[in-house]
Peer 1: 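What follows is a single structure, and I will ask about it in a moment.
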Amino acid sequence: MKRTLAIETLGNISETIKVQGWVHSRRDHGGLIFIDLRDHTGIIQLTIGDGSEGFGTAEELRDEYVIEATGKITERSEDLKNPKIRTGSVELLVESLIILNKSEALPIQVNSTQYINEDNRLRYRYLDLRRPKMQDTLKKRAEYYTYIRKYMESNDFTEVATPILANSSPEGARDFLVPSRVHQGMFYALPQAPQQFKQLLMVGGVPRYYQIATCFRDEDPRADRLYGDFYQLDLEMSFVDNGEEVRSTMEPLIKNLVTEFGGKKLLSDSIPRITYADAMNKYGSDKPDLRFGMELTDLTDELRDCGFGVFTNAISQGGAVKAIKVSSQFSRSQIDEMTEKAKAEGAGGMPYMVIENGQATASIAKFFSPEDLNKIVTKLEANDGDTIIFGSDKLEKVNKVLGSLRSYLGDKLDLKDPDTVALAWIIDFPFYEFDEKLNKLDFGHNPFSMPKGGLEALESDDKLGIVADQYDMVANGYEICSGAVRNHNPEVMYRVFDVLGYDKEYVESKFGAMLSAFKFGAPPHAGCAFGLDRIFMVLTNEENIREVIAFPKNGSGVDVMMNSPSSADPKAVKELGIKSLK
RNA sequence: GGGCUCGUGGUGUAGAGGCCUAACAUGCCUCCCUGUCACGGAGGAGAUCGCCGGUUCGAAUCCGGUCGAGCCCGCCA
């Protein structure tokens with residue numbers, strides 16, 4: 001076994017050993033120097049007395065010097081043991097000491113848990129990574145990959161690598177383009193996902209494919225979304241024509257990742273299937289956090305003829321009135337903050353009322369008759385001390401605003417148990433959506449999924465009612481997986497685009513390879529892709545996804561350590577046939 | 001592209017018109033110290049308060065612009 005600073009590998013008491021690592025801290029008592037030596041496994045105390053051969057060297061040491069020490073492992077006397085570190089019952093009595101490399105004064109401290117702003121951490125990521133927490137993250141992430149691979153292999157999935165230099169895809173996120181030198185004026189694109197390749201693998205006779213795939217998207221990041229490249233567990237299964245088979249194949253892995261690997265509780269052992277429509281109506285989100293209730297209640301019918309113009313107007317214009325009940329009361333400033341939140345989501349304001357002594361008071365209560373108030377209180381089962389928050393507008397807007405407030409209040413009221421993971425499958429996404437901005441029909445998710453009901457369903461007059469055989473998995477309010485039963489039938493493919501007004505030529509120009517492949521005996525197939533960074537983030541209770549990878553870009557896509565992106569050698573640019581640079 | 005918040009010694013913060021010749025913690029440098037483990041003690045260096053402009057007798061503090069960061073909206077099939 002390689003000698004590390006883990007207690008198990010240090011050797012026996014009074015054995016003479018050699019250890020290497022970084023100077024975590026140094027305590028100089030004049031004639032006696034203590035050094036905390038650190039490596040990826042932990043810390044051991046080195047003790048050097050005046051008179052020992054290494055003493056002179058020990059006096060020169062500074063934080064983060066890299067050293068090698070030789071000495072005798074010695075048990076500490078009872079009163080000197082330090083229970084805070086794993087090796088605290090022993091220390092190394094140093095006989096000789098070598099400096100392997102020095103360190104300048106540090107821009108960020110390694111031996112501290114003090115908050116450091118992220119810009120500095122990323123600029124000196126190699127120092128940041130030395131910190132025990134980041135060491136643990138990297139180690140745990142490697143175990144996570146192993147755990148996943150083991151499951152996939154034991155379920156007969158074959159790992160296949162797909163190209164990084166791929167093709168631009170017309171739907172979806174913005175591509176990273178790579179200019180071709182050999183074919184000037186032409187571009188590769190880094191894959192947003194191996195979507196088309198994995199479907200071609202199905203046509204290619206691979207029964208079950210998986211890959212821990214790097215995916216590239218040039219879109220603005222978020223706390224739960226990396227800029228540039230990120231990782232997916234991408235998989236696909238042939239001769240599968242229903243999503244349930246994919247879901248039940250992958251469920252055990254995710255559940256075990258939560259419990260066995262992550263050491264957390266599942267909210268429920270059986271994972272609910274919730275339709276997109278139900279999720280939107282009950283939680284105002286297609287990625288609801290199910291760890292708490294506070295569901296949206298529809299009051300449209302009850303309040304159609306109420307005395308409050310804001311509500312009746314919304315309803316008469318085809319909109320809805322909904323409410324959430326919160327078992328809590330709020331200060332003026334809290335209400336203001338929530339109102340700001342609602343406005344940020346597009347609401348005009350945040351009407352609310354408070355139930356006190358069996359009476360509704362505050363904000364908009366005065367606009368309602370006792371009968372209307374009674375309907376509200378009854379439907380929401382509201383009690384003294386509850387606050388009822390309303391939304392009225394188009395249904396989609398109401399869902400969005402109240403869904404956002406629900407999540408916000410879940411945080412504020414501490415309803416999100418960090419030790420519990422609530423999983424759910426969201427199913428039956430709408431195939432088409434109405435794009436308000438372009439004032440036309442567009443794909444809801446992706447054009448590769450099979451419409452439920454196939455060709456026949458596409459003929460429906462209610463295009464917005466067509467459901468895709470498409471499913472997401474959500475965990476604690478995060479979307480962690482997206483998948484679908486794929487459309488492997490060229491006729492259906494043409495028709496899917498035809499509904500949006502795209503002709504055959506368009507489809508062939510964009511998806512030529514897939515379409516022609518599908519003409520040569522494509523098996524039905526289905527699959528999905530899990531966001532590995534995001535799942536790991538949930539499992540480790542991190543709120544920022546940049547905490548779970550070694551070298552993330554910052555919010556504007558810059559690697560502040562490596563200084564990328566950067567300008568290129570003009571010669572290389574010229575060779576690519578690119579003429580104009582700013 | 002838009003909104004909100006932030007920018008003060010190496011690091012993390014305080015200061016919110018004059019008390020600032022800018023404070024505290026930590027780090028750094030010098031010296032003392034043989035049982036510390038966030039060692040302790042004495043001394044010292046280090047910031048024109050992101051940048052530009054304005055208001056004012058006076059600006060780290062107020063205003064405008066600009067640059068950078070974080071979060072959110074848009075975007076992310």
Side-chain angles (χ1 to χ4, degrees), chain A residues 24-37 43-52 55 62-64 76-77 79-85 87-88 91 93 103-124 127-128 169-175 192-193 195-196 215-228 230 337 340-341 343-346 400-401 404 407-408 429-433 435-437 442-449 468 470 472 479 482-484 496 500 510 529 531 534 543-544 546 554-556 558 560:
Chain A
H24 191 68
S25 70
R26 171 172 156 276
R27 294 176 292 282
D28 187 342
H29 287 238
L32 182 69
I33 297 173
F34 300 102
I35 293 157
D36 284 346
L37 185 71
I43 283 172
I44 187 174
Q45 173 165 284
L46 312 183
T47 307
I48 309 165
D50 195 356
S52 128
F55 189 77
R62 295 294 180 269
D63 283 356
E64 298 306 308
R76 301 194 199 181
S77 67
D79 55 323
L80 296 179
K81 288 185 176 172
N82 179 3
K84 290 186 207 162
I85 59 175
T87 60
E91 61 189 340
L93 295 183
S103 169
E104 293 183 6
L106 299 161
I108 62 173
Q109 276 170 260
V110 174
N111 60 5
S112 162
T113 51
Q114 179 189 51
Y115 170 84
I116 306 168
N117 95 43
E118 197 187 23
D119 200 42
N120 278 318
R121 288 179 58 203
L122 293 181
R123 200 173 299 277
Y124 300 99
L127 293 178
D128 192 40
S169 56
E171 300 295 327
R174 192 176 294 118
D175 285 314
Q192 297 176 24
Q195 181 68 33
Q196 298 195 52
C215 304
F216 303 86
R217 292 177 194 178
D218 184 9
E219 294 293 347
D220 290 354
R222 289 284 185 278
D224 66 345
R225 211 164 74 196
L226 287 160
Y227 176 79
F230 64 100
E337 202 177 322
E340 283 310 306
K341 183 92 188 148
K343 284 181 174 172
E345 298 292 339
K400 187 173 171 234
V401 170
S404 161
S407 174
Y408 171 85
F429 282 77
F431 199 98
Y432 297 108
E433 275 171 5
D435 188 324
E436 299 278 352
K437 263 186 278 174
D442 199 1
F443 290 112
H445 272 71
N446 82 58
F448 303 111
S449 24
Q470 202 255 327
D472 284 1
E479 177 192 323
S482 190
V496 156
L500 296 184
K510 296 299 182 188
R534 208 177 276 168
E543 291 189 353
N544 191 304
R546 294 186 294 273
N554 76 4
S556 44
V558 172
V560 289

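All values below come from the heavy atoms of this structure, side chains included, with hydrogens, waters and symmetry mates left out. Everything quoted here is computed from the prediction, not taken from an experiment. Labels below follow one simple rule: chain letters A, B, ... track the order of the sequence lines, proteins then strands, and each chain is numbered from 1.
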Peer 1: Rounding to an integer number of Å, can you tell me how far A:Glu433 CD sits from B:C75 P?
Peer 2: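 Taking atom P of B:C75 as the reference, CD of A:Glu433 is at 10 Å.
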Peer 1: What I want to check is whether an N or O donor and acceptor connect the side chain of A:Arg26 with the base of B:C37 at under 3.5 Å.
Peer 2: no
Peer 1: Would you mind pulling out the nucleotide paired to B:C62, Watson-Crick or G-U wobble, both distances under 3.5 Å?
Peer 2: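 Answer to the pairing question: B:G54, which forms a Watson-Crick or G-U pair with B:C62.
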Peer 1: Heavy atoms only, 4.0 Å cut-off, all strands: where does A:Glu91 land among base, sugar-phosphate and nothing?
Peer 2: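 Counting heavy atoms under 4.0 Å across all strands, the contact made by A:Glu91 includes a base.
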Peer 1: Looking for any heavy atom pair under 4.0 Å, which part of the strands does A:Ala344 touch: base, sugar-phosphate only, or nothing?
Peer 2: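 It contacts nothing in the nucleic acid.
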Peer 1: Scan A:Asp28 against the nucleic acid and name what it touches under 4.0 Å (heavy atoms): base, sugar-phosphate only, or nothing.
Peer 2: base
Peer 1: Tell me: CG of A:Asp220 to C1' of B:C71, nearest whole Å?
Peer 2: 13 Å
Peer 1: Does any N or O donor sit under 3.5 Å from an N or O acceptor when you compare the side chain of A:Glu340 with the base of B:G3?
Peer 2: no
Peer 1: Roughly, in whole Å, what's the span from OH in A:Tyr124 to P in B:U11?
Peer 2: 8 Å
Peer 1: Considering only side-chain heavy atoms of A:Gln114, which listed nucleotide, B:G35, B:C71, B:U11, is closest?
Peer 2: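 Among B:G35, B:C71, B:U11, the one nearest the side chain of A:Gln114 is B:U11.
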Peer 1: Please report the shortest heavy-atom distance between A:Ser482 and A:Gln470, naming the atom on each side.
Peer 2: OG-NE2, 3.2 Å
Peer 1: Would you say B:G12 has OP1 or OP2 under 4.0 Å from some side-chain N or O of A:Asn120?
Peer 2: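 Yes, such a contact exists.
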Peer 1: Identify the nucleotide, in any strand shown, that forms a Watson-Crick or G-U wobble pair with B:G43, with both distances under 3.5 Å; if there is none, say none.
Peer 2: B:C29
Peer 1: Please determine whether a side-chain nitrogen or oxygen atom of A:Lys81 lies at a distance below 4.0 Å from atom OP1 or OP2 of B:C37.
Peer 2: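 Answer is no, no contact under 4.0 Å.
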Peer 1: With a 4.0 Å cut-off, would you call A:Arg27 and A:Asp36 a salt bridge?
Peer 2: yes
Peer 1: Rounded to whole angstrom units, what separation is found between the CG atom of A:Asp119 and the C1' atom of B:U11?
Peer 2: 13 Å
Peer 1: Judged by each residue's nearest nucleotide on RNA chain B, which is more toward the 5′ side, A:Asp224 or A:Arg62?
Peer 2: A:Arg62
Peer 1: So, does A:Arg217 use its side chain to make a donor-acceptor pair with the main chain of A:Gln192 at under 3.5 Å?
Peer 2: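 Yes, because the side chain of A:Arg217 sits within donor-acceptor range (under 3.5 Å) of the backbone of A:Gln192.
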Peer 1: Check the distance between B:U11's C1' and A:Asp63's CG and give it to me in whole angstrom.
Peer 2: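 Checked: the CG to C1' distance equals 13 Å.
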Peer 1: Taking atom C1' of B:C72 as reference, at what distance in whole Å does atom CD of A:Glu219 sit?
Peer 2: 16 Å
Peer 1: The side chain of A:Lys84 is closest to which nucleotide in this list: B:U13, B:A38, B:G35?
Peer 2: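 Nucleotide nearest to A:Lys84's side chain: B:A38.
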Peer 1: Considering just the side-chain nitrogens and oxygens of A:Asn111, establish if one lies under 4.0 Å of OP1 or OP2 belonging to B:C37.
Peer 2: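 Indeed not, no polar side-chain atom of A:Asn111 lies that close.
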Peer 1: Looking at A:Gly88, is its backbone amide N or carbonyl O close enough to the side chain of A:Gln45 to form a donor-acceptor pair, meaning the two atoms are under 3.5 Å apart?
Peer 2: no
Peer 1: At under 4.0 Å, does any side-chain N or O of A:Lys400 touch on OP1 or OP2 of B:G74?
Peer 2: yes
Peer 1: Would you mind reading off the distance between A:Ile33 atom CD1 and B:C39 atom P, rounded to a whole angstrom?
Peer 2: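 To the nearest whole Å, that distance equals 14 Å.
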Peer 1: Report yes if at least one side-chain N or O of A:Arg27 is closer than 4.0 Å to OP1 or OP2 of B:U36; otherwise report no.
Peer 2: no
Peer 1: Among B:C72, B:C28, B:C39, find the nucleotide with the atom closest to the side chain of A:Ser25.
Peer 2: B:C39
Peer 1: Just N and O in the side chain of A:Ser556: are any of them under 4.0 Å from OP1 or OP2 of B:A69?
Peer 2: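 A:Ser556 to B:A69 OP1/OP2: side-chain N or O found under 4.0 Å.
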Peer 1: By the 4.0 Å heavy-atom rule, please label A:Asp442 as base, sugar-phosphate, or nothing.
Peer 2: nothing
Peer 1: Can you classify the ring geometry of A:Tyr432 versus A:Phe443 as parallel (below 30°), tilted (30 to 60°) or perpendicular (above 60°)?
Peer 2: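 Judged by the thresholds at 30° and 60°, the geometry between A:Tyr432 and A:Phe443 is parallel.
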Peer 1: For the pair A:Arg62 (side chain) and A:Ser103 (backbone), establish whether a donor and an acceptor sit closer than 3.5 Å, ignoring hydrogens and angles.
Peer 2: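 It does not hold such a pair.
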Peer 1: Rounded off to whole Å, could you give me the CG-to-C1' distance for the A:Leu122 and B:G68 pair?
Peer 2: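 Distance, rounded to whole Å: 14 Å.
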Peer 1: By a 5.5 angstrom centroid cut-off and a 30 degree plane limit, is there stacking between A:His29 and B:C39?
Peer 2: yes
Peer 1: Between the base of B:C75 and the side chain of A:Arg225, is there any donor-acceptor pair under 3.5 Å?
Peer 2: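 Between B:C75 and A:Arg225, which were checked side chain against base, a qualifying N/O pair under 3.5 Å is present.
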Peer 1: Scan every strand shown for a Watson-Crick or G-U wobble partner of B:C4, both distances under 3.5 Å, and answer none if you come up empty.
Peer 2: B:G70
Peer 1: Within the 4.0 Å heavy-atom criterion, would you say A:Tyr115 contacts the bases, only the backbone, or no part of the nucleic acid?
Peer 2: sugar-phosphate
Peer 1: B:A69, OP1 or OP2 - any side-chain N/O from A:Arg546 closer than 4.0 Å?
Peer 2: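 Checking B:A69 against A:Arg546, no side-chain N or O comes under 4.0 Å of OP1 or OP2.
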Peer 1: Starting at the 5' end of RNA chain B, which residue's closest nucleotide do you reach first, A:Asn82 or A:Leu106?
Peer 2: A:Leu106
Peer 1: Of all heavy-atom pairs between A:Asp28 and A:Arg26, which one has the smallest distance, and what is that distance?
Peer 2: OD2-NH2, 3.2 Å
Peer 1: Pick base, sugar-phosphate or nothing for A:Gly49, based on heavy-atom distances below 4.0 Å to the nucleic acid.
Peer 2: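 Contact class for A:Gly49: none.
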Peer 1: Taking all non-hydrogen atoms of both residues into account, name the closest pair between A:Arg123 and A:Val560 and its distance.
Peer 2: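 Minimum heavy-atom contact is N-CG2, 3.6 Å.
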Peer 1: So, does the side chain of A:Asn117 form a donor-acceptor pair with the base of B:G12 at under 3.5 Å?
Peer 2: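 No such pair is found, so the answer is no.
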Peer 1: Side chain of A:Ile116 only, please: which of B:G27, B:U11, B:G35 is the nearest?
Peer 2: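 Given the options B:G27, B:U11, B:G35, the side chain of A:Ile116 is closest to B:U11.
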Peer 1: Check every strand shown and say whether A:Gly88 touches a base, only sugar-phosphate, or nothing at a heavy-atom separation below 4.0 Å.
Peer 2: nothing
Peer 1: Given that both distances must come in under 3.5 Å, which nucleotide forms a Watson-Crick or G-U wobble pair with B:A16?
Peer 2: none
Peer 1: State which of B:C73, B:G35, B:G10 makes the closest approach to the side chain of A:Gln45.
Peer 2: B:G35
